[in-house]
K.L.:
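First, the structure itself, so that you have it in front of you.
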Protein chains: 2
Amino acid sequence: MSLRHAILGLLARSPSTGYELTRKFDRSLRTSWHASHSQIYPELAKLERAGLVEVVSRGARRSKTYGITDSGREELRHWLVEAEPDRSQRNESGVRLFLTPLLDPADRHATYERDLSHVEVELDGLEELRAQVNASEMPEPFAPQIELGIRINTVIRDWLREQLDNGG
Amino acid sequence: MSLRHAILGLLARSPSTGYELTRKFDRSLRTSWHASHSQIYPELAKLERAGLVEVVSRGARRSKTYGITDSGREELRHWLVEAEPDRSQRNESGVRLFLTPLLDPADRHATYERDLSHVEVELDGLEELRAQVNASEMPEPFAPQIELGIRINTVIRDWLREQLDNGG
DNA sequence: AAATGACATGTCGTTTCTTACATGTCAACC
DNA sequence: GGTTGACATGTAAGAAACGACATGTCATTT
């Protein structure tokens, strides 16, 4: 059950409302896990009942800001360090890329082009994020993770360009 | 619904039994999609009812070998080329890697070590596969995909080594 | 002759996820 | 004063996925 641990992780970084968590899943966690608000709100309620998170403040528009509790931190650490990692993945783009050689050259070219545009946009976003982090005074402990994202996307971009150049 | 298209894709490469598909998901598609036999058999039955696959032969132990039909190929092509790709991912390892900076140095080191061992094994497997393909007479249309897998895993391996070297 | 283990196909209950429905708050603009 | 749009939180039905249960085949080994 990664959803709960992803939520715990985001709350360990900073207290958030369900609405903010939804946006964070869509931004920082986009390339690793997806969750919509209809999953997040019920899960927050469950986590609260289990004592792993708590409401730390209430704001405008009925918003509730949740924070992680000590036992939440313990659970998160256990999952990250002790638990056997589940390496299985669900990545539709990966399936597509894997099956692309089945297509005739014209279709193959079109899908590689489409993927290339997407990766380039992705890379631009990550590079901008890196620039922001570098320019800021605050040390950013997640900088290496940004760097990894850039490197992986660069490899994919270059590979796609090669395929297009080689009539792939 | 990627499962059905992943199955169609595997059957487009070569006719297979449900049992063989289960192993193929676990081998070639492991890094992109996971499915167990309890999903595969019912899905094959659905695909057959929909006329996208058909039983092409029956063998020992009640086994049924399925092949893709023309309308299955059409559906597969449509999904690969025309349909709007779903870029959302589910990758527990990615979530872990993303959250690792929350850990203290000792725990962080331990998890990076664990991930490094895993990536190294993965890489060995891929490099062996590439060597087999290179040694074989048959041209392998999926060679570039193997190459991409190697490059991505190499980037991750090097990044993990850097983190370990920098006391990360 | 019996046991083992890979091959082979299925079902079932529970959990997880998606999509759509539903409601309400607040600031800014027209 | 009304509209728009971002903010904000929920529920519910149905689909997909997981883990456990269940059954049987066949070749090899003991």
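Below, chains carry the letters A, B, ... as their sequence lines are ordered, and counting in each starts from 1. Keep in mind it's a predicted model, so treat the numbers as computed, not measured. Just so you know, these numbers use all the heavy atoms, side chains as well, and skip hydrogens, waters and symmetry mates.
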K.L.:
Give a yes-or-no answer on whether the side chains of A/Thr69 and A/Glu54 include a donor-acceptor pair shorter than 3.5 Å.
P.N.:
no

K.L.:
Are any side-chain N or O atoms of B/Arg27 and backbone N or O atoms of B/Lys24, one a donor and one an acceptor, separated by less than 3.5 Å?
P.N.:
no

K.L.:
Whole angstrom is fine here: how far is it from CZ in A/Phe25 over to P in D/dT9?
P.N.:
15 Å

K.L.:
I want to check one thing: is the phosphate of D/dT9, taken as OP1 and OP2, less than 4.0 Å away from some side-chain N or O of A/Tyr19?
P.N.:
no

K.L.:
With respect to the phosphate group of D/dC7, does any side-chain polar atom (N or O) of A/Arg23 fall under 4.0 Å of OP1 or OP2?
P.N.:
yes

K.L.:
Looking only at atom types and distance, does a side-chain atom of A/Trp159 sit under 3.5 Å from a main-chain N or O of B/Pro144, one as donor and one as acceptor?
P.N.:
yes

K.L.:
How close do A/Arg108 and A/Leu103 get, heavy atom to heavy atom, and via which atoms?
P.N.:
NH1-O, 2.9 Å

K.L.:
Does the protein touch nucleotides 15-21 of chain C at the base, only the backbone, or not at all? Give it as B, S and - per nucleotide, heavy atoms under 4.0 Å.
P.N.:
-SSBBB-

K.L.:
Whole-Å distance between D/dA17 C1' and B/Ile7 CD1?
P.N.:
13 Å

K.L.:
D/dT25 P sits how many Å from B/Arg61 CZ, rounded?
P.N.:
11 Å

K.L.:
Expressed in angstrom and rounded to an integer, what is the separation of B/Ile40 atom CD1 from C/dC7 atom C1'?
P.N.:
15 Å

K.L.:
Measure the distance from CZ on B/Arg62 to P on C/dA8 and round it to the nearest whole Å.
P.N.:
13 Å

K.L.:
Looking only at side chains, do A/His109 and A/Glu113 share a donor and an acceptor under 3.5 Å apart?
P.N.:
yes

K.L.:
Check the distance between D/dC18's C1' and B/Glu92's CD and give it to me in whole angstrom.
P.N.:
13 Å

K.L.:
Could you tell me whether the side chain of B/Ser63 and the main chain of B/Ala60 form a donor-acceptor pair under 3.5 Å?
P.N.:
yes

K.L.:
Specify the separation, in whole Å, of atom CG of B/Leu44 and atom P of D/dA16.
P.N.:
15 Å

K.L.:
For the pair made of CZ in B/Arg4 and P in D/dA17, what is the distance, rounded to whole Å?
P.N.:
11 Å

